[in-house]
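This one's a predicted model, so the numbers in the text were calculated from it and none came from an experiment. Numbered from 1 within each chain, the chains take letters A, B, ... in sequence-line order.
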Amino acid sequence: MTENPHQTTLDTALTESGLEAVNWTFPDADTQYLTHGLHNYPARMVPQIPDRLLSYYLDEGVLEEGDVVYDPFSGSGTTAVEARRHDLNAEANDINPLAVLLTRAKSIPLDPEEVEAAQTTLLDGLKSRLADVESQYEAGEPIDVEEPAVRDGWFPEPQLTQLAVIRDRIDDLEREYDQALARFFRVALSHTTRKVSYQRNGEYKRYRLSEEDREDHDPDVYPIFEQKVRENVSMMKDYSRETSRDQQTQVHYADSREAADVEDDSVDIVITSPPYGDHGTTVAYGQFSQDPAIVSWGREYDEMREVDKTGLGGSNRVLEPLEEIEEWSEALSATLETLREKDGRSDDAMEFFRDYYAVMEQVKRVLKPGQPVAWVVANRTMSRVNIPTHLITQQLCEHLGFELTHMLPREIPNKTLPWENAPENQPGVKGDLMANENIVVMTAPEE
DNA sequence: GGGACGCAATTGACGATGAT
DNA sequence: ATCATCGTCAATTGCGTCCC
């Protein structure tokens with residue numbers, strides 16, 4: 001295994017005192033090392049969590065080189081990257097096309113010299129080409145580029161056309177090199193797309209700048225793109241040098257409630273951070289990913305809209321209701337009872353946990369008997385009621401025969417977040433926000 | 001010209017609600 | 001049903017200006 005320069009806890013502490021000895025908050029830890037910093041993504045799990053868990057289970061002999069790590073909620077691919085760093089194979093699922101592509105881009109190492117050469121090809125003459133687009137636009141001349149199918153009013157011109165020019169260049173690059181290399185550069189374009197759009201910073205739901213701010217928003221496409229390309233190339237070269245080519249990363253554009261591509265008893269460990277709530281009221285992954293996916297990855301608007309509807313607790317009901325889960329978790333039934341008393345959103349909570357339970361069933365199916373699963377969860381609120389997701393996770397898994405081995409508390413990584421919000425949008429009417437998480441570590445039932 | 005400093009911008013796992 | 005909007009907040013980073 002390669003040396004990890006990012007450790008904040010000594011390995012000796014790990015092996016002598018076990019998982020309880022680790023400070024899982026990882027205050028001040030660098031969360032952007034290697035390819036983790038390739039692209040932002042909402043609600044990323046800090047890489048130190050899978051890093052430390054994998055180190056521990058490798059030291060304990062629960063895992064060995066070449067074993068398989070599975071993440072049913074891959075997101076931007078944190079688990080897959082850490083799996084590779086530890087000489088392990090990875091399987092990953094996500095229903096968000098952008099997540100699938102980011103996971104592949106971040107976890108599959110590329111040849112450093114080839115990346116360098118492709119960067120030169122890509123940037124060569126790009127600056128003047130974009131300048132030409134601008135002058136053509138200003139002169140009112142037609143520009144022969146296919147406009148991305150984004151919604152009206154979300155991008156300045158000619159910047160949107162310039163993004164399309166870069167998109168086409170990367171398509172050319174794909175023909176000259178290969179898909180993996182093109183994918184890697186599309187990540188930088190995706191980043192640029194977000195910066196160029198009228199999307200307001202600090203929002204992962206679609207929220208445009210005010211009309212006034214939109215008039216002032218005149219970003220310079222080339223320097224944003226070039227800088228991100230250079231940063232990413234540098235990160236990929238480091239990642240590539242530090243990781244093995246012997247392992248595989250299988251990323252499935254699939255629903256973890258079915259996990260159809262992952263075989264029974266094929267996985268040695270599961271490390272995942274599921275969504276904490278439905279994609280409508282908590283993190284709207286689909287909304288976040290919409291424009292980047294349409295502009296840089298050629299995805300359809302309708303396909304991207306489906307993401308939030310298909311997420312756990314979303315309006316696309318793919319499973320039959322399962323009332324019994326309320327009996328299987330005391331914490332869940334107490335929560336639903338409180339929500340009913342408050343005349344709150346008990347049905348929404350029920351649908352979310354019904355979907356979540358289906359993923360637990362699949363984790364049981366694919367995980368080898370006796371092997372560990374780590375769920376990283378925090379407790380959101382609904383109708384101002386705190387939802388004890390960590391206890392519900394534990395109890396529903398116990399119903400499936402899993403055994404709890406560790407309940408590891410941690411503070412939410414960046415307390416740059418507000419402690420309070422005002423969801424009713426009434427000045428002075430505030431509510432608490434989530435401040436800590438738990439890592440719920442369990443082992444799969446023995447045969 | 002470069003370092004110190006102050007202010008602005010950015011960066012974050014919300015969730016109810018009013019308008020379509 | 002869906003979607004954009006909004007009130008909430010602090011640590012950190014970025015940027016411009018001033019002073020030496």
Legend entry - Nearest-nucleotide pick for A:P423, side chain only, options being B:dA13, B:dG15, C:dT2: B:dG15

Inset, instruction - Would you kindly give the CG-to-P distance between A:D152 and C:dA4, to the nearest whole Å? - result: 13 Å

Legend entry - Non-neighbouring partners of A:F185 that pass ring-ring contact (aromatic ring centres under 6.0 Å, His included), sequence neighbours left out: none

Legend entry - Contacts of type ring-ring contact (aromatic ring centres under 6.0 Å, His included), residue A:H406, not counting sequence neighbours: none

Legend entry - C:dC6 phosphate, OP1 or OP2, under 4.0 Å from A:Y207 side-chain N/O: yes

Inset, instruction - Just jot down the ring-ring contact (aromatic ring centres under 6.0 Å, His included) partners of A:Y41, sequence neighbours excluded, or say none. - result: A:Y285, A:F288

Inset, instruction - Round to the nearest Å and state the distance from A:H390 atom NE2 to B:dA13 atom C1'. - result: 17 Å

Legend entry - Nearest-nucleotide comparison on DNA chain C, the residue closer to the 5′ end among A:G428 and A:K309: A:K309

Inset, instruction - Take the protein atom CG of A:D213 and the nucleotide atom P of B:dT10, then report the distance between them rounded to whole Å. - result: 10 Å

Inset, instruction - Find the distance A:N40:CG to B:dA13:P and express it as a whole number of Å. - result: 10 Å

Legend entry - N/O (side chain, A:K430) to phosphate O (OP1/OP2, C:dC9) under 4.0 Å: yes

Legend entry - Value in whole Å for how far the P atom of C:dT12 lies from CD of A:Q32: 15 Å

Legend entry - Any A:R380 side-chain nitrogen or oxygen under 4.0 Å from OP1 or OP2 of B:dG15: yes

Legend entry - B:dG15 OP1/OP2 closer than 4.0 Å to side-chain N/O of A:T381: yes

Inset, instruction - Tell me which nucleotide among C:dT2, C:dT8, C:dG7 gets nearest to the side chain of A:E420. - result: C:dT8

Inset, instruction - Report yes if a side-chain nitrogen or oxygen of A:R200 is closer than 4.0 Å to either non-bridging phosphate oxygen (OP1 or OP2) of C:dG7; otherwise report no. - result: no

Legend entry - Protein-nucleotide distance (A:I387, atom CD1; B:dC14, atom C1'), rounded to Å: 13 Å

Inset, instruction - Answer yes or no: does a side-chain N or O of A:K342 lie under 4.0 Å from OP1 or OP2 of B:dA16? - result: no

Inset, instruction - Check whether any side-chain N or O of A:R305 sits under 4.0 Å from OP1 or OP2 of C:dT2, and answer yes or no. - result: no

Legend entry - Separation of B:dC14 C1' from A:R384 CZ (nearest whole Å): 10 Å

Inset, instruction - Could I get the full list of side chain to side chain donor-acceptor pair (under 3.5 Å) partners for A:Q159, not counting sequence neighbours? - result: A:D218

Legend entry - B:dG15 to C:dA11 separation - C1' atoms, rounded to the nearest Å: 23 Å

Inset, instruction - Could you pull out all residues at least two apart from A:R317 that satisfy side-chain contact (heavy atoms from CB on, under 4.5 Å)? - result: A:E351, A:D355

Legend entry - A:E330, CD: over 12 other non-hydrogen atoms inside 6.0 angstrom: no

Inset, instruction - Taking only the side-chain heavy atoms of A:A43 (C-beta and beyond), determine which of C:dT8, B:dA13, B:dA16 contains the nearest atom. - result: B:dA13

Inset, instruction - Starting from P on B:dA13, measure out to CZ on A:F73 and report it in whole angstrom. - result: 18 Å

Legend entry - 5'-to-3' dot-bracket of DNA chain C (Watson-Crick, G-U; under 3.5 angstrom; crossing pairs as [ ]; | other strand): |||||||.||||||||||||

Legend entry - Distance below 4.0 Å between A:R206 side-chain N/O and C:dA4 OP1 or OP2: yes

Legend entry - Pairwise 5' ranking along DNA chain C for A:E203 and A:N316, keeping only the more 5' one: A:N316

Inset, instruction - Not counting sequence neighbours, which residues clear side-chain contact (heavy atoms from CB on, under 4.5 Å) with A:D213? List them please. - result: A:L209, A:S210

Inset, instruction - Identify whether any heavy atom of A:P427 sits under 4.0 Å from a base atom; if not, whether one sits that close to sugar-phosphate; answer base, sugar-phosphate or nothing. - result: sugar-phosphate

Legend entry - Pairwise side-chain contact, A:P275 with A:H279, heavy-atom cut-off 4.5 Å (strictly under): yes

Legend entry - Residues within residues 273-299 of chain A bordering DNA chain B, heavy-atom distance below 4.0 Å: A:S273, A:P274, A:P275, A:Y276, A:T281, A:T282, A:V283, A:Y285

Inset, instruction - Please check if the distance between the ring centroids of A:Y356 and A:W375 is under 6.0 Å. - result: yes

Legend entry - All pairs passing side-chain hydrogen bond (donor to acceptor under 3.5 Å, both in side chains) where residues 182-193 of chain A contributes a residue, at least two apart: A:H39-A:S190, A:D171-A:R186, A:E174-A:R186

Legend entry - Nucleotide nearest A:R151 (side chain, heavy atoms from C-beta), chosen from B:dA16, B:dC14, C:dA4: C:dA4

Legend entry - Short side-chain to backbone donor-acceptor contact, A:S240 and A:L110, under 3.5 Å: yes

